[in-house]
Amino acid sequence: MSTTQSERLRELLEPLVTSQGLDLEEIEVDSVGRKRVLRVVVDSDTGADLDQIADVSRALSAKLDETDAMGEGEYTLEVGTPGAERLLTEHRHYVRATGRLVRFQLAEGGELVARILKVDDEGVDTEVPGVKGRKATAHRLAFDDIVRARVQVEFSRKDNKKEEEA
């Protein structure tokens, strides 16, 4: 059974990432001219700070240097966290996005923008924000009804202002 380079890299690097208390979310190898770029995305339930990113980057770099997993050519290692508008693909992603505004693409067609309130094994409880003075409405989504979900960036959220004043 043949495995791709990304799968081999995942098998090699995931134990190191896990030992640092993080989850290995994504591995991507891109060619940029003659060089290659290995992008590793890590995260945890509490997020990852710069010190954790630096520690895991050093550990991954050392492991890659002692193996031939990246081959002979030059490459650059980039380690980071998911972006602000992360795609939700795993159950743990939905849990980590609790309280965040998410754009859902639905299996029946259409979209729903709602805040995740609670996540369980079957789906998510959400709150659809009210528009023009209307009250927010609760909405339940089963995971089977969700085709795609992406966290949305919020620049001015009323709930944050209340927390800052407290």
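Salt bridge annotation for Arg36-Asp30: absent, with no cationic side-chain nitrogen under 4.0 angstrom from a carboxylate oxygen. Salt bridge present: Glu25 and Arg96 bring a charged side-chain N and a carboxylate O closer than 4.0 Å. Under a 4.0 Å N-O distance rule, the pair Arg34/Glu74 does not qualify as a salt bridge. Classification of Arg150 and Glu85 as a salt-bridged pair fails, no side-chain N sitting under 4.0 Å from a carboxylate O. Here Glu154 pairs with Arg115 in a salt bridge; the nearest charged N to carboxylate O distance falls below 4.0 Å. Ion pair Arg92/Asp43 not flagged as a salt bridge, since none of the NZ, NE, NH1 or NH2 atoms sits closer than 4.0 Å to an Asp/Glu carboxylate oxygen. Using a cutoff of 4.0 Å between basic side-chain nitrogens and carboxylate oxygens, Asp145 and Arg140 are not scored as salt-bridged.
Under the 4.5 Å side-chain contact rule for hydrophobic residues, Leu106 and Leu87 do not share a cluster. Hydrophobic clustering keeps Val17 apart from Val41 (ILVMFWY residues linked when any side-chain heavy atoms are closer than 4.5 Å, directly or through intermediates). Hydrophobic clustering (ILVMFWY, side-chain heavy atoms < 4.5 Å, transitive): Val124 and Leu101 are in distinct clusters.
Nearest heavy-atom pair, Asp120 versus Glu122, reported as atom, atom and distance to 0.1 Å: OD1-N, 2.9 Å. The heavy-atom pair separating Pro129 from Ala114 by the smallest distance is CD-CA, 4.2 Å. Closest approach of Leu22 and Gly47 over heavy atoms only: CD2-O, 4.5 Å. When all heavy atoms of Ile53 and Val79 are compared, the closest pair comes out as CG2-O, 3.5 Å. Residues Val128 and Val113 approach most closely at CG1-O, 3.9 Å, considering heavy atoms. Between Leu9 and Ile27, the shortest heavy-atom contact is C-CD1, 3.8 Å.
At distances below 3.5 Å, at least one donor-acceptor pair connects side-chain atoms of Asp49 with backbone N or O atoms of Gln52. Between the side chain of Glu66 and the backbone N or O of Lys63 there is no donor-acceptor pair closer than 3.5 Å. In this structure, the side chain of Glu7 engages the main chain of Thr4 through a donor-acceptor pair within 3.5 Å.
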TODO: For Arg103 and Glu111, run salt bridge (Lys or Arg N to Asp or Glu O under 4.0 Å): C-alpha distance rounded to whole Å, both residues' side-chain angles, the deciding distance at 0.1 Å, then the answer.
DONE: CA-CA 7 Å; Arg103 180 178 305 274; Glu111 289 186 341; 2.9 Å; yes

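If you take OG on Ser57 and CG on Leu16, they are separated by 11.5 Å, rounding to the nearest 0.5 Å.
With contacts defined as side-chain heavy-atom distances shorter than 4.5 Å, the pair Val42/Asp23 does not qualify.
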